[in-house]
Asker: 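Handing you a structure now.
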Amino acid sequence: MDLLNGMNPQQKQAVTAGLGPILVIAGPGSGKTRVLTHRISYLLSYMGVRPYNMLAVTFTNKAAKEMENRVANLLGYGDEGDHSRAPNMPQVGTFHSVCARLLRREAEHLPFNANFVIFDADDQVSVVKQALGELNLDEKRFRAQGVHASISNAKNELLLPETYPVQNYRDDVVKKVYKRYQELLLTSNAVDFDDLLLWTAVLLEQNTAVRERYARRFEHVLVDEFQDTNQAQYVLLKHLASFHRNIYVVGDPDQSIYAWRGADYRNLLRFEEDYTDAQVILLEQNYRSTQMILDVATAIIDRNPHRKARRLFTDRGTGRKVVLYQAYDDRAEATYVVETIAKLVAGGNQPGDFAVMYRTNAQSRLIEEAFLRHNLPYKLVGAQRFYGRREVKDVIAYLRLVHNPSDEISLNRVINVPTRGIGDKSMASLRQLAAKAHLAAGDFLLALPAMDDSQLQSALTARAISAMKKFVLELRKWRSLAEKANPADVMDSILEAVEYRTFIDDGTDEGQDRWDNVMELRRLAIEYEGRTLPEFLEEIALVSDQDTIQGSSNVPTLLTLHAAKGLEFPVVFITGLADGTLPHMRSFEDPDSMEEERRLMYVGITRAMDRLYLTCPQTRSTYGYAEPCDPSRFLENIPNQLIDVSYSSPQNVSRPGSGGAFSSTARPAAPTWQSARNGTAPAQANAPKSIQFPAGSKVVHPVWGDGMVLNSRIMDDDETLDIFFENVGLKRVAASLAHLKHKT
DNA sequence: TTGGTCCATCTTTTT
DNA sequence: GATGGACCAA
């Protein structure tokens, strides 16, 4: 059988396993996606399963698309183009998109209609704020973000407002807000991310007919990244597979990094308990990394208690030691990363071989700046950045309102953007009038031109009424356009009518950037030619950060450790390995969270194929201010023989636990891509060549404060100083990095 | 109602 | 060092 060519016995077993529940525990790089796609092809080609009777679920669109392409390829459809609509393809989708589709189809059984919009994280917080306001609750005491997190957690555990447990006053408040929150969503004909899962799970649980229909249809249900499912997802999968019981799940408890989102890797254990006849298959051989990298990964993850010992082995050879680098500060760290990449590119690596990973999004900034300083291109993974932009949200809100005028969050967002004389007062009156008429504010607004002015005048000023009427005329125009035109045409009509460019592009660079973002959104809309506005809206509501990764450009990738899951790169840098960053300080108190931080590091390490660099700064910037920090405690767990200590900045720095000192060496010079390619390195532009701080000078350091220079010399085009600081003692610093000032 | 300024808060991770 | 809210003058 061609499908099994080149597979190891465990992989073959996993692909050709019989019927019934199957649990595949797949370590990193063990060919998990390959097994899943081959399993699907095997069922279709050899077991006579019809595509219609199969469902495959992933967490990101990117994973779904990749699975689709690989299955299409195996089935001989070629690997080009969009196969999601091909007649012989099974349904492959993310949890959220599969649920959205199901809910639209079954809307008659639900308290909203099939045109519902999907509220994103910002929208959700706005709704919570509105609910808090209506309930007269102190928003200082009950932060909208926090209350929303509680509601979200409740939904992930399938708790409804009625069943929300109350043990203290705050619970009581959350329960009330939760109830009002759901009402507000329904008046907006909206659901949030969590609702997609929650409503689906509840519908399948409570409506026997619907459940039976889907359960009979899906002879085979396959799930990727099962360790990241939450309770809602677990339950809805269970219902979908309840008739045929052919549920095939693939996961790795060591890569569970979404507990904060309600994921529970114990679902893997629960699976074995709920399906006592489940076959369990272990994939242990790693095809990705060198043994050195796997040993470092094992050293980290082995410290987690309650962990079943698992081996990771490879036949890829020993490989090179992992490089550990301590930089003077986070800026120097970023410089080191970029210059090392440039050097390796000069040595023959492709720029696209590299990934730079970090714990928090904020850390990307300095890395980006370092790339920009060296005039080197990079790509940053993060859809949030784009869709979170004000101008992008504005335009999307217009489109959402056109599609679903009940959407009050979008209405509030755009009604006065650009300003058209309809302020908070007028909107409050409008909401009251709408509530009296039992209509959503937007629906009431649409009906407003037909109403008797005299009734309205008691609540609204003539000016407001006329402004609203004018807005309604536009809205109606866009709505009729949306019925026949492409999403991009609707967008154009809106942008022109409201003169949006004049509004956001003030001629400054930032204004130009804002307009560029709008045009980028338009470019995405153009791809939806021939498809409908709701399809466009649904897709942009459910994009994940990973979905924005473009494979084509040959440049380094910058991404969070979370976004790195499922990916692999020849060379990986994990940056910012400082205690408080990784592990994050918010996890210090909670042993479970600390275990998850460790898994996060493990995920990062196991992305690397050939080479791994671990870097940490001695100071980091928080809130814009620099503060000293210690190396990550996780670094202590890596045996010395696996590590090569690279150049460090010229300071005496000790690794925790090792007691060793770093030697002081030159820093590499700054190249550009072209010069990196040619192997020529121009001299560093801003390195001082003469002594600026002679012995005896009094200096001020931004972190360590006042000190006196004991010794000063030029080394490799930089001034190296030994300084005695009043507060922290003797330090060795590089003048180009230390931001020293003469004390006056 | 608008638009300016000033202040607090924020930073974990995201479908 | 960004962003959103509160506050205030016109």
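Naming convention: chains lettered A, B, ... in sequence-line order (proteins, then strands); numbering from 1 in each chain. From a predicted model like this one, the values you see are computed outputs, not experimental measurements.
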Asker: Sort me out a list of protein N/O and nucleotides 4-6 of chain B N/O pairs below 3.5 Å, or just none if empty.
Answerer:
none

Asker: Between A:Arg143 and B:dT9, is there a side-chain N or O to OP1/OP2 distance below 4.0 Å?
Answerer: yes

Asker: In whole Å, I'd like the distance from the CG atom of A:Leu582 to the P atom of B:dT13.
Answerer: 13 Å

Asker: Is it true that A:Lys469 and A:Asp453 have a side-chain N and a carboxylate O under 4.0 angstrom from each other?
Answerer: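 So A:Lys469 pairs with A:Asp453 through a salt bridge.
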
Asker: Just to confirm, is there a sub-4.0 Å distance from OP1 or OP2 of B:dT14 to any side-chain nitrogen or oxygen of A:Thr560?
Answerer: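 Answer yes for this pair, as a side-chain N or O of A:Thr560 is under 4.0 Å from OP1 or OP2.
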
Asker: Can you say whether the rings of A:Phe471 and A:Tyr398 are parallel (under 30°), tilted (30 to 60°) or perpendicular (over 60°)?
Answerer: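 Answer is tilted, since the angle falls between 30° and 60°.
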
Asker: When the distance from CE of A:Met427 to C1' of B:dT1 is rounded to whole Å, what number comes out?
Answerer: 14 Å

Asker: Report the distance from atom CG of A:Asp424 to atom P of B:dT1, rounded to the nearest whole Å.
Answerer: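 Rounded to the whole Å, the gap is 8 Å.
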
Asker: Between A:Arg463 and A:Ser426, is there a side-chain heavy-atom distance shorter than 4.5 Å?
Answerer: no

Asker: Looking at A:Gln432, I want to see if its CD is surrounded by more than 12 non-hydrogen atoms of other residues, nucleotides or ligands under 6.0 Å.
Answerer: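 No, because the 6.0 Å sphere around CD of A:Gln432 holds 12 heavy atoms or fewer from other groups.
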
Asker: Should A:Asn61 be listed as having a side-chain N or O under 4.0 Å from OP1 or OP2 of B:dT15?
Answerer: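 So the side chain of A:Asn61 is outside the cut-off, no N or O lying under 4.0 Å from OP1 or OP2 of B:dT15.
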
Asker: Taking the six-membered ring for Trp, is the centroid-to-centroid distance between A:His239 and A:Tyr214 below 6.0 Å?
Answerer: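 They do not qualify: ring centres at least 6.0 Å apart.
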
Asker: Which whole-number value in Å describes the distance from A:Glu225 CD to B:dT15 C1'?
Answerer: 13 Å

Asker: Could you give the CZ-to-P distance, from A:Arg420 to B:dT1, as a whole number of Å?
Answerer: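 Whole-Å distance recorded here is 15 Å.
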
Asker: Is it true that A:Arg400 and A:Asp123 make a salt bridge, defined as a side-chain N closer than 4.0 Å to a carboxylate O?
Answerer: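 Yes.
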
Asker: Parallel, tilted or perpendicular: which describes the rings of A:Tyr500 and A:Phe503, with under 30° parallel and over 60° perpendicular?
Answerer: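 Ring orientation of A:Tyr500 relative to A:Phe503: tilted.
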
Asker: Given atom CD of A:Gln145 and atom P of B:dA8, what is their separation to the nearest angstrom?
Answerer: 19 Å

Asker: Are A:Lys32 and A:Asp224 ion-paired here, with the side-chain N under 4.0 Å from a carboxylate O?
Answerer: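 Yes, this pair counts.
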
Asker: Do A:Tyr258 and the base of B:dT13 stack face to face, with centres under 5.5 Å apart and an angle between planes under 30°?
Answerer: no

Asker: Tell me the interatomic distance from A:Met585, atom CE, to B:dC10, atom C1', rounded to whole angstroms.
Answerer: 13 Å

Asker: Could I get a table of every N or O pair under 3.5 Å where one atom is in the protein and the other is in nucleotides 4-10 of chain C?
Answerer:
residue: C:dG4; atom: OP2; partner: A:Arg390; partner atom: NH2; Å: 3.4
residue: C:dG5; atom: OP1; partner: A:Lys129; partner atom: NZ; Å: 3.0

Asker: Taking A:Gln124 for the side chain and A:His148 for the main chain, is one N or O donor matched with an acceptor at less than 3.5 Å?
Answerer: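 Such a contact is absent between A:Gln124 side chain and A:His148 backbone.
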
